[in-house]
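As structure tokens, the structure follows; a few thoughts come after it.
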Amino acid sequence: MALTRIVIDTDPGVDDAVAILLALASPELEVLGITCVAGNVDLEKTTLNAQRLVALAGRSDVPVFRGCAEPLAGPTGTAAEVHGFDGLGDLEWPTPRVEVNELGAVEFLYRELTRGRVTIVAIGPLTNLATLLVEYPDAADLVERVVIMGGASFHGNVTAAAEFNIWADPEAAAIVFNASWRIDVMPLDLTHQAFLTDANLEELRSWGTEVGQRVADMLEPYAAFHLEWYQNRDLIMHDAMAVYEVIDPTAIVKSGVEVEIETDGLFSRGATHFSRSHRHATSTTRVGTFVDNDRFVDLLKSRLATLRSPN
Ligand code: RIB
Ligand code: CA
């Protein structure tokens, strides 16, 4: 079966880290490259974290690219309190051996689009993707589809209305969701169904691998954040849902929607308004509605267990 060619657009971030490692460990996917964007932490840190993660996975063959350093309308904010000061749980890391590719993220994305069909897995603010559409208007016709972690229809996680990836750059999100390309979006409504527990982290540690140890350790600040915000330590795997959907599209139930992005609201800036009317049943935009967490966690563990870090 042909591999699915993907580019991961990301702001690592510890849940991004799990998503990236899952992708690098999955034989269904060809990861063409990782494009970084400012989000959870600033661009220099998200880019360094992507370098660290490809090295951890023994996949320094996967190139890392710098993208946009701030949102279209100017700086909004980071999530360092969730992911640690360095964005990856504040562990000690070796210096990556492979440099960041000198090509810009947007130029890389477009180059790959001209070489064949690409699925873009977008798990951070959408600044790079919006810039791609502005600089290369035909990009939307060249993309296989865009799978996005973002948005919320029941409650945000930055404000009552807005989820972080959309809140961080609403103007970019509006450009991305108004484009003609196919979108599958995994909002908080879905991602809150997928989580790891402390028992899962102990199992990762029991493997005795660098990946198992580091994933468990980097998720510790994230667990503390969840305990404070949600009164339990279940670690929500937001970004991994976008990768999981590409690995196995049948694993996540989806339905047609129309999505409008709020850019001007006093209290609702960054809100995602989902219309689930029957009129949108055949829309090219679909929203994830259900995932079986046990099935997801089993696949995640089986894939991460295959990763071996170089000495
Ligand atoms: O709201 C969850 C999203 O915001 C995830 O992508 C997480 O990494 C943060 O960026
Ligand atoms: Ca992210």
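Remember, it's 1-based here, ligands and their atoms both numbered in the order they're listed.
Side-chain atoms of Thr289 and Arg276 form no donor-acceptor pair, as typed in the model, at a separation below 3.5 Å. Using modelled atom types and a 3.5 Å distance limit, the side chains of Thr35 and Asp9 yield a donor-acceptor pair.
Other residues, nucleotides and ligands contribute at most 12 non-hydrogen atoms within 6.0 Å of the CZ atom of Phe267.
Here Glu171 pairs with Arg269 in a salt bridge; the nearest charged N to carboxylate O distance falls below 4.0 Å. Salt-bridge check for Glu44 with Arg66: passed, with a basic side-chain N closer than 4.0 Å to an acidic carboxylate O.
Counting only residues at least two apart or on different chains, the ring-ring contact (aromatic ring centres under 6.0 Å, His included) pairs with a member in residues 71-90 are His83-Tyr222.
Using the six-membered ring where Trp is involved, Tyr110 and Tyr136 have ring planes that are parallel, under 30° apart on the 30 and 60° scheme.
A single hydrophobic cluster is not seen to contain both Leu126 and Val246; linkage of ILVMFWY side chains at heavy-atom distances under 4.5 Å, directly or through other members, places them apart.
By the criterion of a separation under 3.0 Å, the protein N/O/S atoms near the Ca ion (ligand 2) amount to Asp11 OD1, Asp16 OD1, Asp16 OD2, Ile123 O, Asp239 OD2.
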When you check ligand 1 against the protein, what N or O pairs turn up below 3.5 Å? List the atom names and distances, or just say none.
{"from": "ligand 1", "atom 1": "1 (O)", "to": "Asn157", "atom 2": "ND2", "distance (Å)": "2.8"}
{"from": "ligand 1", "atom 1": "1 (O)", "to": "Glu163", "atom 2": "OE2", "distance (Å)": "2.5"}
{"from": "ligand 1", "atom 1": "4 (O)", "to": "Asn165", "atom 2": "OD1", "distance (Å)": "3.4"}
{"from": "ligand 1", "atom 1": "6 (O)", "to": "Ile123", "atom 2": "O", "distance (Å)": "3.0"}
{"from": "ligand 1", "atom 1": "6 (O)", "to": "Asn165", "atom 2": "ND2", "distance (Å)": "3.0"}
{"from": "ligand 1", "atom 1": "6 (O)", "to": "Asp239", "atom 2": "OD1", "distance (Å)": "2.6"}
{"from": "ligand 1", "atom 1": "6 (O)", "to": "Asp239", "atom 2": "OD2", "distance (Å)": "3.1"}
{"from": "ligand 1", "atom 1": "8 (O)", "to": "Asp15", "atom 2": "OD1", "distance (Å)": "2.5"}
{"from": "ligand 1", "atom 1": "8 (O)", "to": "Asp15", "atom 2": "OD2", "distance (Å)": "3.3"}
{"from": "ligand 1", "atom 1": "8 (O)", "to": "Asp16", "atom 2": "OD1", "distance (Å)": "2.8"}
{"from": "ligand 1", "atom 1": "8 (O)", "to": "Asn40", "atom 2": "ND2", "distance (Å)": "3.1"}
{"from": "ligand 1", "atom 1": "8 (O)", "to": "Asp239", "atom 2": "OD2", "distance (Å)": "3.1"}
{"from": "ligand 1", "atom 1": "10 (O)", "to": "Asp11", "atom 2": "OD2", "distance (Å)": "3.2"}
{"from": "ligand 1", "atom 1": "10 (O)", "to": "Asn40", "atom 2": "OD1", "distance (Å)": "3.0"}
{"from": "ligand 1", "atom 1": "10 (O)", "to": "Asn40", "atom 2": "ND2", "distance (Å)": "3.2"}
{"from": "ligand 1", "atom 1": "10 (O)", "to": "Asn165", "atom 2": "OD1", "distance (Å)": "3.1"}

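Applying the side chain to side chain contact (heavy atoms under 4.5 Å, CB included) rule to Glu135 yields the partners Val106, Glu107, Thr131; only residues at least two apart in sequence or on another chain are considered.
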